[in-house]
Every structure is written in C-alpha cells, then in structure tokens.
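To find a chain, count down the sequence lines: A is the first, B the second, and so on, and within it residues start at 1.
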Protein chains: 4
Amino acid sequence: MSHQIATLAERKPAKKGTQTAHRVRRAALKLFARQGYAAVSMRQIATEVGVQPGALYNHFSTKQEILKDLMLSHMRDLLEAWQEHAANTDRPSDPLEAFVTFHIRHHLQRTEEVFISYMELRNLESQNFSEVEVERRRYEAILTAILEDGVKRGVYRIKETRVATRAIIAMLTGIPTWYRESGMLSAEQIEAIYLDMVHGSVSAMPLSPARKNR
Amino acid sequence: MSHQIATLAERKPAKKGTQTAHRVRRAALKLFARQGYAAVSMRQIATEVGVQPGALYNHFSTKQEILKDLMLSHMRDLLEAWQEHAANTDRPSDPLEAFVTFHIRHHLQRTEEVFISYMELRNLESQNFSEVEVERRRYEAILTAILEDGVKRGVYRIKETRVATRAIIAMLTGIPTWYRESGMLSAEQIEAIYLDMVHGSVSAMPLSPARKNR
Amino acid sequence: MSHQIATLAERKPAKKGTQTAHRVRRAALKLFARQGYAAVSMRQIATEVGVQPGALYNHFSTKQEILKDLMLSHMRDLLEAWQEHAANTDRPSDPLEAFVTFHIRHHLQRTEEVFISYMELRNLESQNFSEVEVERRRYEAILTAILEDGVKRGVYRIKETRVATRAIIAMLTGIPTWYRESGMLSAEQIEAIYLDMVHGSVSAMPLSPARKNR
Amino acid sequence: MSHQIATLAERKPAKKGTQTAHRVRRAALKLFARQGYAAVSMRQIATEVGVQPGALYNHFSTKQEILKDLMLSHMRDLLEAWQEHAANTDRPSDPLEAFVTFHIRHHLQRTEEVFISYMELRNLESQNFSEVEVERRRYEAILTAILEDGVKRGVYRIKETRVATRAIIAMLTGIPTWYRESGMLSAEQIEAIYLDMVHGSVSAMPLSPARKNR
DNA sequence: AATGAATGAGATTTCATTCAT
DNA sequence: AATGAATGAAATCTCATTCAT
C-alpha cells in the first residue's frame, strides 16, 4: 500500500474522473523518463492519455506541477516503503545489507521514477526543489545513520560517512540506467554483486597491498 | 592537456571566425550543463556568445550538432587523456588506483562535460548516439580489462567484471553532481575516500562478519 | 452551385470555429492568387483572417495542406459542377459548345482558383500533386471524349485528340489572366469569340489556301 | 542564334569573370523554372554555381535583378529572333503560318525561359514589370498585325483581333508545360497540329452546323 | 572576384496556457 | 470533466544582403 500512484487508484476507486489524473501521471512518468521533462509537451502527454491538452488543466495547474507531483511522491513513496520494510523486519544482523537490498529491489521496480528523480532535479522550480530535497536528505540520512553506527561498532572504516552515503547511493542508483539492456543477469544476481561491492567498500579490512605503505 | 576544444583554438589561432565556433562550444557547454539540452534555446547560446542567432548556423548546422560535438569530443578527449596518462606512467604497481585517480581528477576538472555526457544521451539522435556509445564502451573496456587482470592475479574477487565496471564508474561519475556544493572536502580528500571504497568493493578479502556464514 | 468552400460553410453553419477554417481558405485563396504560394507567409494569412498565426494550425496542419485543400477542392468542384451541368442539360446538339460554354463561365467566376490551380502545381508535394493530377486528367478526359466522338461523327478533323484537348484548355484557361484588366468586353462577348475559335480549330473544313498544296 | 545568354558568352569570350555572371543566369533560370522565383534562395543559386552566396552580388545587385535580367533578355531575344527570322524569309504566302511556326520552334527550345516569363510576372517589381510589358506588347502586336491584315484581306474572320492574339498565344505557350512528358509526338508533329488548329480558329469558313442558326 | 562571417528580419511551427461551451 | 479554439510567446532555422579580407 505504498506507491502513491498505485495507491491513488486504490484509495478512490469509484470516482471516474480521478482516473484521468492517474493516467496523466502515468503518461508523464513514461514520457519524462524517456525524453526528459523539457522535451515533453503537454500535447504529447494529452495524446498519450487520449484527451485534449486543455483537459490536463483540470487535474494539474501547470506542467511543473506534474513534475513536482511525480518527484515528490516518488521520494515519499520510497521513505514510506522503507519504514514499512524496517517495521516488518526483525532487527537485522546487518542493517547495511537490509538497506542495500531494499534499495535495489525498490528501484529496480521503478526505473522510470528513479530516472526522473535523478535527472530532472534542475527542472524543478526552487520551491519545489526544496520540498524534494527535504525528502532526499531524509532518505540519505537513513544510510548515513547505518554507516555511522557501523563505524561506532568498529565494523566499518569510513572517513566521511556523508561522502560514502552519496557514493553508495550513486552506485546503486546507476543500476536502472543499464539494467534494462543486459538480459544476462537476474535481479537477484545483481543484488548479490552490489551487496558484496558495497560491503567491501566500507568494511574495515586490511588495506590492499598497493596502498599499505602510504 | 589535450582537450579538443582548447586544442582547436590553438591550432587555428589567427582566423577570426574560427574563434566563434569555439565560443559557441563554450557557451553551449555551460548552458546545457546548467539547464539541459532541451531547455536551452539557440537564442540563449547566441546571446552568451554575443552574436545573432542566425550566426550560429555558420558554425553548426543544427542545435543537435552542437550537442554531438560536445559529447563526442568529451569522450575522445577522455580516451586520449587516458592514453597519454598511461603512456607517461611507469607500469603502476596498482593499475586500478591509477585508473581511479585519473578518472576522478579528469572528471573533477570537467564537471560540465561530465554532466552533459551522462544526462543528455537520450537527446542524441540515434546516429550520433551510436558514435558516442562506441567511445563510451571503449573507455569502459579499459576498466574492465584492469579488473579482469586483477581477478586473474587473484587480488580482486569479482563475479561480473562488466557489472563491477559500471558500478565503479557510476560511483565515481556521481561525484561532480554534488561536489560543487560541498566546500568542506578537497579534491585530494575525495580522491582518497573513493580510492579506498573502490578498492574495498573489489578486493579479495575476508567477508564481513555479517555475511560470513552464508 | 456546389463549390466546396461555400458548401462547407452551409453544412456546418453553427459551430463557431468551423467558420475559421473557411476564412483561412478564403484568405489563402486570395493571397496565393495574388502573390503566389511561396511568397505568402502564414503570418499574412493569419492577419487577413484576423487571428494569431498559431491559430491556423488548429485547422490546417501545414501551409502545404492549405494549398492542397484549395487545389483539390477546386478540381473536385469543377468536376462536380460539370456533372450537375451535364445532368441538367438535354442532350445538347453540340457537346463541344456545351463544354466550352461551361468551362468559360465556371472559370470566369473563379479566377483566383484557376490561377492557383495552374500556377502552383509545382509547389505541391508529390503525394498531393498526384491526387490533384488524378482529378485534372479526369476533367481533360471529358473534353477528349467529346472530341473523339466528334471525330467519329465526322464533324471534327483532329489528328491527336489529347493534344487538341490541351490546346483548347490552355486557350480557355488563359482568359482569366488578362480578363480582369480589359473592361471592354463582356463575358458573353468573350464567350462568343472563344466559342468560334474553338470550333474553327477542330472543325472539318477546307484547308486554308496556304496549306492546301502541302 | 541570338539568345542573349548564349550571346554573352560569345561576345565577351576572354574575360574570365563574366563567365560567372553567365553561370549565375543559367543556374537561376533552371531553378526559377523548376521551383519558382520566390521559392529559390540565393544560397541555392550560389550552390548550383559552385560559389558562396556573397559572390553573386559581384554580378547582380539583388535577386530581383536576376529575375528581371532573365525575363527581359528572354523577351528581347524573342523579338530579335523574330526580326532575324522575318528578314531572312521571303515575303511568305502565309504570314500567320510563319509566325506560328517561328513561335513554336523558338519556345520549344526555351522551355525554361517560357515558363519563367509567364509565371513570374507578378514577382517583378513594378518598374521592371513595365519594362517587360513593353516588350511583351511589342511581340503581341506582331501577331495582332498579322491577324488584322488577314481580316482586311478577307481570309480571317475575327471579331476582336486583340482577344484572338491572346487566345492564340496562350494556346501556343501552353505547349512547353506538357511537352516534356509526352514522348509520343515529335516537335514537327506538334507544330503541324497546332498550325491546323490556329488556322481553323481564325479562318473565314462556313460555321459549324450547330452554330449556323444562331 | 570570391570567401567567410555576420546581421536583422522573418519563415514555419510549437508551446503552455486559457476559456467559453 | 472535457472539447475546440484561441492567444502570445518562443522555438529552430533560413533569408537576402553586407562587408572586411
């Protein structure tokens, strides 16, 4: 019950008109992801929905509002999903693993939202940008906290947990950009590979020989 | 230092007009990086150059051609720079370190080109896209080869070198997206942090305790 | 009186917007006839209609489409008018006279359409050209049939009815190019003169003395 | 053998530069005939000549001047050729035949000039239009005189010689519009057909039965 | 006589948005 | 809630022409 778009359809099932708003979001999501916000016209969205352009304005007051809606609901959805996931999981022996697994699974199911969220930030007007940033930082804070806890517990060796947070999220978030093409690996395999890499990247460990004598 | 744009200006210094093409590139680079290809108008570029819009067409036949020029020369520049770098370096004790260091340094000096190269791929028409892809794969192949060699030598423990290549490059390439803002860390510090993380992510090592008993 | 433009206005009289399409046709007709298709801008048409240029695209998707519409409806109108004319006329004692009279009268009332139809053929894109050509040939075939029938009946002496068809139509269609200027002759007088000339040009008759001994 | 374009090249054979003016005329002639004056750009002409657009202005001060040059020289050429033709011919037994034959032959060799001369009149600025009109009327006057003489001599039966002049010239001038396509008839055959038709159209003759009782 | 670059105007078309119905 | 038509601005690109070289 966490993705807003799906949610909307579920929550207000009967009201005929609301379906249109939903379909506008779906259409915009698809088109923004493929062509980018600036390159998509309201006409295209309307055509995809099967409606005249003017009709869109019954549901969103501007094109910008559609973008904001998509990005904000993606972030809130992500946070909500994490909370649900965390609530439903016993205290995990390895919180980082829990986070990485969650992140990969969640993102691989929402490649379009992910794309938009990382590419269209600059097209958000500043007020909307701020709102989205709040959510983004909230999400990053989750990982940062996990890392800091690990450092305290002596299992991770990280100089700058904020930097590490970004590095890890960038690495993970890059997956959907190429995942589509490579049919060779299952989502589970990718998950395992990235899990290993993330672990390695932050774990306290003997330095590699080449860096030892620095 | 063989960046093509700079190079062009050096090679044909006298002819007054050629400078304009150079300035168009610079202007487009700046604007595309900031606003995105689709959101930048030829008028804006012309204004930035200090010329009427029509004059741009003496140097580039379409807006698309400017984008292609920027992206292709960035990739070729990157490859050329790597070759130069590799040629000038003694066989390094740690090739991965050499690559990561090179990549970070090169990219941190070209944040705009990097931004464009990873964000505007979808705005390339298919023919141009193909040309750029060729270069991109060539660059990825360098890292993949380093990783495979490391695996053979037993120093890296990697299941899928192609996947690891992408993960590492995504991680590193993400730096310029946030580097600007954070004034707290020097380029050297960032370099060190990422180097450690990359090493950890691929090195043969004892598994972290949490994963040991799997 | 079945001219399509007029007809359209009659058929869909109420809907406000449809009138605009009609007015666009009228404006384009006038301007194309005066200045030629290539020399008329969409802005000019819009101004003539009393609307912003963009509004034209609610009714015609390109400038070319306006031209096609005008030329095609002119030809179809002509054919339709002939059929109506032929249906309403008793089997005429002289079909050629019926045709020539019809042609002159019809064309003298539509000087602008005639002008465009004979001048702007080369500005039709090939697909549209073909469509118009089909109608044109259909119209020429009417005259050719009349001439061939006359030849069979022995009243006309024509070597190549296809060539004669073109010669006669060229002669008649030339009228509107100068008719405007010369106020000295009534339409009826012109009709009589041309009728005589056409008759003479195809009739079986004693050769002129000069050509007798060839 | 007096066509101006050909002539220019012959008269001033050595001067290298003049050849360019000649080639500009040839290129413009071809392009104007095919696409129409308004639809042809100076760039296209320059490309056809193999030169940069600016270079055209060393030979013609405006695009309009090229058109005027082409049209005026065509008309003067026509008149000059007629005079030469008339001078070299013994007083013909049938002056109309001489004229028609001359007209058809001259025009069939200059389809592009003919096309332009009858299609681009409206694109001449008024001063240039007047100059061309003077020549056109001079040429029409030749035919009118022949017709009037024939009327006086009782061999032609024409109500309005000015109207007949236009009708005949329109008929003859239409030939090049379709001649290209029809490979079935030789120029001589066409000549014979039209000669017959012209003769018929103006000759004193028994009325066709259908018109007798008017 | 020709080039390469520029201008200033204007071409067709598209855009986000509005609004009466 | 949707349509069809409109607006006003702006998009990319082309135009005839000019001019220093």
Name the residue closer to the 5' end of DNA chain E, choosing between D:G50 and B:G50 according to the nucleotide with the nearest heavy atom. D:G50

Test your reading of the model: is there a side-chain donor-acceptor pair from A:E125 to the backbone of A:Q64, 3.5 Å cut-off? no

Does D:R136 make a cation-pi contact with D:Y118 (under 6.0 Å, within 45 degrees of the axis)? yes

N or O in side chain of D:S41 less than 4.0 angstrom from F:dC15 OP1/OP2: yes

Candidates E:dG8, E:dG4, F:dT7 - which lies nearest the side chain of C:A55: F:dT7

Any C:T20 side-chain N or O less than 4.0 Å from OP1/OP2 of F:dA6: yes

Interatomic distance, A:Y37 OH vs E:dC15 P [rounded to whole Å]: 14 Å

As a test of reading the structure: which of E:dT7, F:dG4, E:dT13 is closest to the side chain of C:Y57, going by heavy atoms? E:dT13

Using purine N1 to pyrimidine N3 plus N6-O4 or O6-N4 for Watson-Crick, or N1-O2 and O6-N3 for G-U wobble, each under 3.5 Å, what pairs with E:dT21? F:dA2

Atom CG of D:L56 to atom P of F:dC19: distance rounded to whole Å? 17 Å

I want to verify a distance call: between F:dT17, F:dT3, E:dT13, whose nearest atom is closest to the D:P53 side chain? F:dT17

Quick check on DNA chain F: between B:T62 and D:A38, whose nearest nucleotide comes earlier from the 5' end? B:T62

Whole-Å gap separating P (E:dA11) and CD (C:Q64): 18 Å

Using heavy atoms to find the nearest nucleotide of DNA chain F for A:G54 and A:R43 separately, return the residue whose nucleotide is more 5′. A:G54

Short question: side chain of C:K63, backbone of C:V40 - any donor-acceptor pair under 3.5 Å? yes

Nearest whole Å is fine: how far is E:dT18 C1' from A:Q52 CD? 15 Å

Grab the CE-C1' distance between C:M42 and F:dT14 for me, whole Å please. 17 Å

Please give, in whole Å, the distance from F:dC15 C1' to D:Q44 CD? 11 Å

Is the shortest heavy-atom distance from the side chain of C:K30 to the side chain of C:R34 under 4.5 Å? yes

What is the distance, rounded to the nearest whole Å, between atom CG of B:N58 and atom C1' of F:dT17? 13 Å

Contact between B:F129 and B:K68 at the side-chain level, heavy atoms closer than 4.5 Å - yes or no? no

Taking pairing as Watson-Crick or G-U wobble with both contacts under 3.5 Å, can you name the mate of F:dA16, or confirm there isn't one? E:dT7

Which whole-number value in Å describes the distance from B:K63 NZ to F:dC13 C1'? 12 Å

Of the listed nucleotides F:dT7, E:dA6, E:dT14, the one nearest the side chain of B:H59: E:dA6

Classify the nucleic acid contact of C:V40 as base, sugar-phosphate or nothing, counting any heavy atom under 4.0 Å across all strands shown. sugar-phosphate

